[in-house]
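Everything numeric in this text was worked out from a predicted model, so none of it was measured.
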Amino acid sequence: MVRSSSPRAPATPEAATLLPGLPNDIGALVLSFVPYPHQGRLKATCKSWRVFFSSKNLISLRHRNPKALSHLLCIFPQDPSIASPYLFDPHSLAWCPLPPLPPNPHVYGLCNFTSVSIGPNLYVLGGSHFDARSFPLDRPLPSSSTFRFNFFTNRWDRLAPMISPRGSFACAAVPNSDQILVAGGGSRHNMFGAAGSRMSSVERYDIEKDEWVALHGLPRFRAGCVGFLVRTGEHREFWVMGGYGRSRTISGVFPVDEYYRDAVVLELNDGGYDCGKWREVGDMWEEGERRKLGKIVVLDDDERGMPGIFMLDENDIFRGKTQETWKLMPVGSSIIL
């Protein structure tokens, strides 16, 4: 006599044991402390770990436990559609590669793009590249592409393109509003020290709607500029500083850029939308002190709302003061070992 019995239903991945001997909520809390660069290797350990390290539950657990959070630094060695970007965790001193951008068989040599992070996503915007379908072939063109890396799926998604293609532009993410602002830019490529187009258009990207909207343009053409947000109380402002505009030639042959020493500011409302026109502020340095803006790093200060702005000018480090008149105050020197 054959006894019939219904087969036992397999355990779902969500209900599978994460760490033997521990409840799943405790096991999930323990695994949430694993640094991101090591999670890719651990996904292959078992099915339950692969599901957990790919779930949104991991991000929520890390945000509920500040000690589990870490700031990641993304490095782009070269064209991200050919060479993989790398993430660096300064707490664990660990590196891990990201997948390259979705390839396009017609374009190559992407540079002067901008990357910005919002929540668990990394965005790569615009840039300058060469297009094999254009003529002449050695003339760089600006890109309007927008990509987003999703850390849940570990892949890049192609989003709505910008209204105006641009590279070497100012960019800033508006906190708590899912908005990205871009301003200025042009088609300058790293292979050419001069030439290239300039533009003054400004756009805002709505992440939820996946659409770009044109805003009030800059007072004049500006490329190679730096953008950041300044918050004072309930007011937020989008600052665009430095860059170059018009160009002139030496002896009628060699093109030379005319660099700006000032900054322009756009006031924003609570939703991240512009509520006025651009205003100009004073020069950041005196005539003859330096030729152009150096490498800029902006450090957010959540307590004061005023970011720390630092500039590397050759071997000297300067700190900017956000006033009606810009002045860059020297704070030290860099050492190369």
Side-chain angles (χ1 to χ4, degrees), residues 74-85 100-116 123-148 156-171 180-205 212-215 217-227 240-260 264 291-296:
C74 188
I75 304 295
F76 296 88
Q78 51 182 315
D79 183 352
S81 63
I82 298 177
S84 294
L101 291 179
N104 186 330
H106 303 293
V107 300
Y108 58 95
L110 181 65
C111 68
N112 292 336
F113 54 88
T114 297
S115 62
V116 61
Y123 294 82
V124 173
L125 313 173
S128 180
H129 57 205
F130 297 97
D131 194 325
R133 298 164 295 182
S134 64
F135 182 84
L137 294 176
D138 60 349
R139 178 175 298 173
L141 299 173
S143 171
S144 62
S145 61
T146 303
F147 296 98
R148 176 179 61 198
W156 293 93
D157 300 321
R158 190 183 298 271
L159 306 177
M162 289 185 283
I163 300 174
S164 300
R166 69 187 74 214
S168 303
F169 54 94
C171 178
I180 300 176
L181 300 174
V182 298
S187 62
R188 174 76 52 90
H189 197 276
N190 289 344
M191 292 184 62
F192 301 92
S197 62
R198 285 89 161 156
M199 61 193 310
S200 61
S201 68
V202 181
E203 300 177 33
R204 171 178 50 82
Y205 177 66
W212 291 88
V213 178
L215 304 180
L218 296 170
R220 56 185 182 271
F221 293 149
R222 190 183 293 254
C225 43
V226 177
V240 177
M241 58 187 291
Y244 52 87
R246 296 177 299 176
S247 63
R248 55 185 176 86
T249 58
I250 300 178
S251 301
V253 178
F254 302 102
V256 177
D257 294 316
E258 293 187 0
Y259 289 93
Y260 295 129
V264 291
R291 177 169 170 262
K292 63 179 180 179
L293 196 70
K295 298 292 185 181
I296 293 291

Checklist line | Phe113 ring center within less than 6.0 Å of His129 ring center | finding: no

Item checked: Nearest heavy atoms of Ile163 and Ala214, plus distance in Å -> CD1-N, 3.8 Å

Notebook entry, point to check: If you measure from CG on Leu125 to OH on Tyr205, what distance do you get to the nearest 0.5 Å?
Noted result: 9.0 Å

Notebook entry, point to check: If you round to the nearest 0.5 Å, how far is CG of Leu101 from CG of Asp79?
Noted result: 7.5 Å

Notebook entry, point to check: What are the two closest non-hydrogen atoms of Cys171 and Ile180, and how far apart are they?
Noted result: SG-CG2, 3.8 Å

Next item on the list: Please answer whether the main-chain N or O of Arg188 pairs with a side-chain N or O of Asn112 as donor and acceptor at a distance below 3.5 Å.
Entry: yes

Checklist line | Other residues, nucleotides, ligands: >12 heavy atoms within 6.0 Å of Arg139 CZ | finding: no

Next item on the list: Would you please classify the geometry between the Tyr244 ring and the Tyr259 ring as parallel, tilted or perpendicular, with 30° and 60° separating the classes?
Entry: perpendicular

Item checked: Euclidean distance, Asn104 CG relative to Ser145 OG, rounded to 0.5 Å -> 9.0 Å

Check: Counting N and O atoms only, with roles assigned by atom type, does the side chain of Ser168 sit under 3.5 Å from a partner on the main chain of Gly186, one being a donor and the other an acceptor?
Finding: no

Note to self: Whether the side chain of Glu203 engages the backbone of Met162 through a donor-acceptor N/O pair (distance < 3.5 Å, no angle test) should be reported.
What the structure shows: no

Item checked: Gap between atom CG of Leu159 and atom CZ of Arg148 - 0.5 Å precision -> 5.0 Å

Notebook entry, point to check: So, the side chain of Thr146 versus the backbone of Ala160: is there a donor-acceptor pair under 3.5 Å, distance only?
Noted result: yes

Next item on the list: Check Trp156 against Pro85 and note the closest heavy-atom contact, atom names and distance.
Entry: CZ2-CG, 4.4 Å

Item checked: Residue Phe147 excluded, over 12 heavy atoms near CZ under 6.0 Å -> yes

Next item on the list: For Asp131 and Val107, indicate whether the former's side chain and the latter's backbone hold a donor-acceptor pair under 3.5 Å.
Entry: no

Check: Looking at Ser201, Ser128, Ser144, Ser187, which hits side chain to side chain donor-acceptor pair (under 3.5 Å) with Arg166?
Finding: Ser201

Check: Which value, rounded to the nearest 0.5 Å, describes the distance between Phe221 atom CZ and Ser197 atom OG?
Finding: 9.5 Å

Next item on the list: Taking the side chain as every heavy atom from C-beta outward, state whether Ser84 and Pro100 have any atom pair closer than 4.5 Å.
Entry: yes

Next item on the list: Considering non-hydrogen atoms only, spot the tightest contact between Leu110 and Gly127 and give its length.
Entry: CD1-CA, 3.9 Å

Checklist line | Polar side-chain atom of Arg198 near backbone of Gly245 as donor-acceptor pair, under 3.5 Å | finding: yes

Notebook entry, point to check: Given Val182 and Thr114, is the side-chain contact (heavy atoms from CB on, under 4.5 Å) satisfied, shown in steps?
Noted result: CA-CA 10 Å; Val182 298; Thr114 297; over 6 Å; no

Note to self: If you compare all heavy atoms of Gly242 against all heavy atoms of Cys225, which two are closest, and at what distance to 0.1 Å?
What the structure shows: O-CB, 3.8 Å

Margin query: Apply side-chain contact (heavy atoms from CB on, under 4.5 Å) to residues Met199 and Phe169 and explain how you reach the verdict.
Written below: CA-CA 9 Å; Met199 61 193 310; Phe169 54 94; over 6 Å; no

Item checked: Derivation of the side-chain contact (heavy atoms from CB on, under 4.5 Å) call for Val202 and Leu218 -> CA-CA 7 Å; Val202 181; Leu218 296 170; 4.0 Å; yes

